[in-house]
A.B. asks: 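Structure provided below as structure tokens; questions to follow.
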2 protein chains.
Amino acid sequence: MSVGRETRLSAWIERFAAHFAEEGIPLIGGRILGYLLVCQPVERTAAELSQELEASSGSISTNLKYLVNVGLVTKRTRRGRQAAEYRINEKAWTEFIQRKLNAIASVQTLTDDGMRLLSGDPERAQRLKTVDRLYGWLSEELPALWERRPAAPK
Amino acid sequence: MSVGRETRLSAWIERFAAHFAEEGIPLIGGRILGYLLVCQPVERTAAELSQELEASSGSISTNLKYLVNVGLVTKRTRRGRQAAEYRINEKAWTEFIQRKLNAIASVQTLTDDGMRLLSGDPERAQRLKTVDRLYGWLSEELPALWERRPAAPK
DNA sequence: GATCCCTTTCGGTCGACACTGAAATCATCG
DNA sequence: CGATGATTTCAGTGTCGACCGAAAGGGATC
């Protein structure tokens, strides 16, 4: 007997969450993200997420707050509805990734400061120089690459 | 009265360690890395690192093992010397950074699997598609960019 | 093989953080 | 304004991992 699509999707959500857990995003936050990327309909309330993902209301609340804060999820309230609805904000993924690239490139300021402290002693600065050159190159190329990213189609 | 170069260097090492602590490298590991990048002479024993960085022998041992394992530090033993000497391996920084870039690009396999699960329902796949397109582009461009990296001068 | 010195291993402590569930809070509707 | 149904806050629990320091382990010299 074959496994249903929804079952396989929830396994996928778990893999998705596991990946981002390695990057420091709480497991439940990752599950919310994965779930909101594939659920139908696209909007969910906190209570629904709590039930669907089998997580406490408190955890859902904390993680939604975090995700809304970094922009990956948007919150919508409607008059006449007590429950807010949450949905994925696909647009925000660009900034999310950009932050990661910037984090890598930002090491250059660090190595650069180090080089300054060692100016006047090229011998001693040699190890740092090797690293500084790499990050120097990255801090040029990564932002440049990012600018060439394709625009999202309407 | 001005601050000595060594004092400023140890402040720099601390900043350096703090940066990598955010990326998940233990504080003491980061200190070792920073210290080995700028110390004179370039090689140090575990005992020297322990004293210089005011960390326990156990922590130094654990972190050196880790750093040697990922290749950022190399261990050298010499006949007639009981103490092994550790030094920075500048070369390994390229692989270190490459792993980071790959980690970003690797999300593409995840989104791709998700797209497969949603094939046959383009409506529902739309959110994921946006994200998949971005990572798809990255998984093309990042490795390509990396290939263009300048070779380290002799 | 005994001694010396250095390194690794290991048990234990501490602090951070994710998570829970109950209580407080808030918004809507009658 | 009270009741209802939702969310947020908060105190408490458990887990995980970095760190320490003492004890065990390994080489090198005598």
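Chain A is the first sequence line, chain B the second, and so forth, proteins listed ahead of strands; every chain is numbered from 1. All values derive from a computational prediction rather than experimental measurement. Both backbone and side-chain heavy atoms feed into the values below; hydrogens, waters and symmetry mates do not.
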A.B. asks: Could you say whether B:A83 or A:R31 is positioned toward the 5' end of DNA chain C, judged by the nucleotide with the nearest heavy atom to each?
C.D. replies: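 Per heavy-atom nearest nucleotide, the more 5' residue is B:A83.
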A.B. asks: Starting from C1' on C:dC19, measure out to CD1 on A:I25 and report it in whole angstrom.
C.D. replies: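 Going from A:I25 (CD1) to C:dC19 (C1'), I get 17 Å.
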A.B. asks: For B:E54, does the CD atom have more than 12 heavy-atom neighbours from other residues, nucleotides or ligands under 6.0 Å away?
C.D. replies: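 It does not: B:E54 CD has 12 such atoms or fewer within range.
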A.B. asks: Salt bridge between A:E23 and A:K100, side-chain N to carboxylate O under 4.0 Å?
C.D. replies: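 A salt bridge links A:E23 with A:K100.
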A.B. asks: Give a yes/no on whether any side-chain N or O of B:S59 is located under 4.0 angstrom from OP1 or OP2 of D:dC20.
C.D. replies: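 For D:dC20, OP1/OP2 do have a side-chain N/O of B:S59 under 4.0 Å.
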A.B. asks: Rounded to the nearest angstrom, tell me the gap between atom CD in B:Q51 and atom P in C:dT7.
C.D. replies: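 About 12 Å, once rounded to whole Å.
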A.B. asks: Quick one: do A:E140 and B:R148 make a salt bridge, cutoff under 4.0 Å?
C.D. replies: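 Here A:E140 does not pair with B:R148 in a salt bridge, since their nearest N and O are not under 4.0 Å apart.
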A.B. asks: Can you tell me how far C1' of C:dC6 sits from CG of B:L49, to the nearest Å?
C.D. replies: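 The answer, rounded to whole Å, is 13 Å.
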A.B. asks: Quick one: A:E85 CD to D:dG5 C1', roughly how many Å, whole number?
C.D. replies: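 Spelled out: CD on A:E85 to C1' on D:dG5 is 15 Å.
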A.B. asks: Over all strands shown, is B:I28 touching base, sugar-phosphate only, or nothing at heavy-atom distances under 4.0 angstrom?
C.D. replies: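 Sugar-phosphate contact only.
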A.B. asks: How many whole angstroms separate atom CD of A:E22 from atom C1' of D:dC16?
C.D. replies: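 Nearest whole value for this atom pair: 15 Å.
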A.B. asks: Given C:dT7, D:dC19, C:dA18, which nucleotide is nearest the side-chain atoms of B:A46?
C.D. replies: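 Given the options C:dT7, D:dC19, C:dA18, the side chain of B:A46 is closest to C:dT7.
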A.B. asks: Can you check the A:E23 CD to C:dA18 C1' distance for me, whole Å?
C.D. replies: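 So the two atoms are 18 Å apart, to the nearest Å.
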A.B. asks: In whole Å, I'd like the distance from the CD1 atom of B:I60 to the C1' atom of D:dC19.
C.D. replies: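 Interatomic distance, CD1 of B:I60 to C1' of D:dC19: 11 Å.
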A.B. asks: Of A:K65 and B:G58, whose closest DNA chain D nucleotide lies nearer the 5' terminus?
C.D. replies: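 The residue whose closest nucleotide sits nearer the 5' end is A:K65.
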A.B. asks: Is the phosphate of C:dT8, meaning OP1 or OP2, less than 4.0 Å from a side-chain N or O of B:K75?
C.D. replies: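 Looking at the OP1 and OP2 atoms of C:dT8, one of them is under 4.0 Å from a side-chain N or O of B:K75.
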A.B. asks: Could you tell me whether B:R127 and A:E90 have a side-chain N and a carboxylate O separated by less than 4.0 Å?
C.D. replies: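 Salt bridge between B:R127 and A:E90, a charged N being under 4.0 Å from a carboxylate O: no.
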A.B. asks: For B:Y66, answer base if it contacts any base atom (sugar-phosphate contacts may also be present), sugar-phosphate if it contacts only those atoms, and nothing otherwise; contact means non-hydrogen atoms under 4.0 Å.
C.D. replies: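 No contact.
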A.B. asks: Could you check whether A:T45 gets within reach of a base, just the sugar-phosphate, or nothing at all, counting any heavy atom under 4.0 Å?
C.D. replies: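 Here A:T45 touches the backbone only, sparing every base.
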A.B. asks: Do the rings of B:F96 and B:W93 sit parallel, tilted or perpendicular, given the 30° and 60° boundaries?
C.D. replies: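 Rings of B:F96 and B:W93: perpendicular, over 60°.
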A.B. asks: As a test of reading the structure: which of D:dG21, C:dC19, D:dT8 is closest to the side chain of A:S61, going by heavy atoms?
C.D. replies: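 My answer, after comparing the listed nucleotides, is D:dT8.
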A.B. asks: Heavy atoms under 4.0 Å, any strand shown: does A:L64 hit a base, just sugar-phosphate, or nothing?
C.D. replies: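 A:L64: no heavy atom of the nucleic acid under 4.0 Å.
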A.B. asks: Can you tell me how far P of D:dA18 sits from CG of B:L27, to the nearest Å?
C.D. replies: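 Those two atoms, CG and P, are 11 Å apart.
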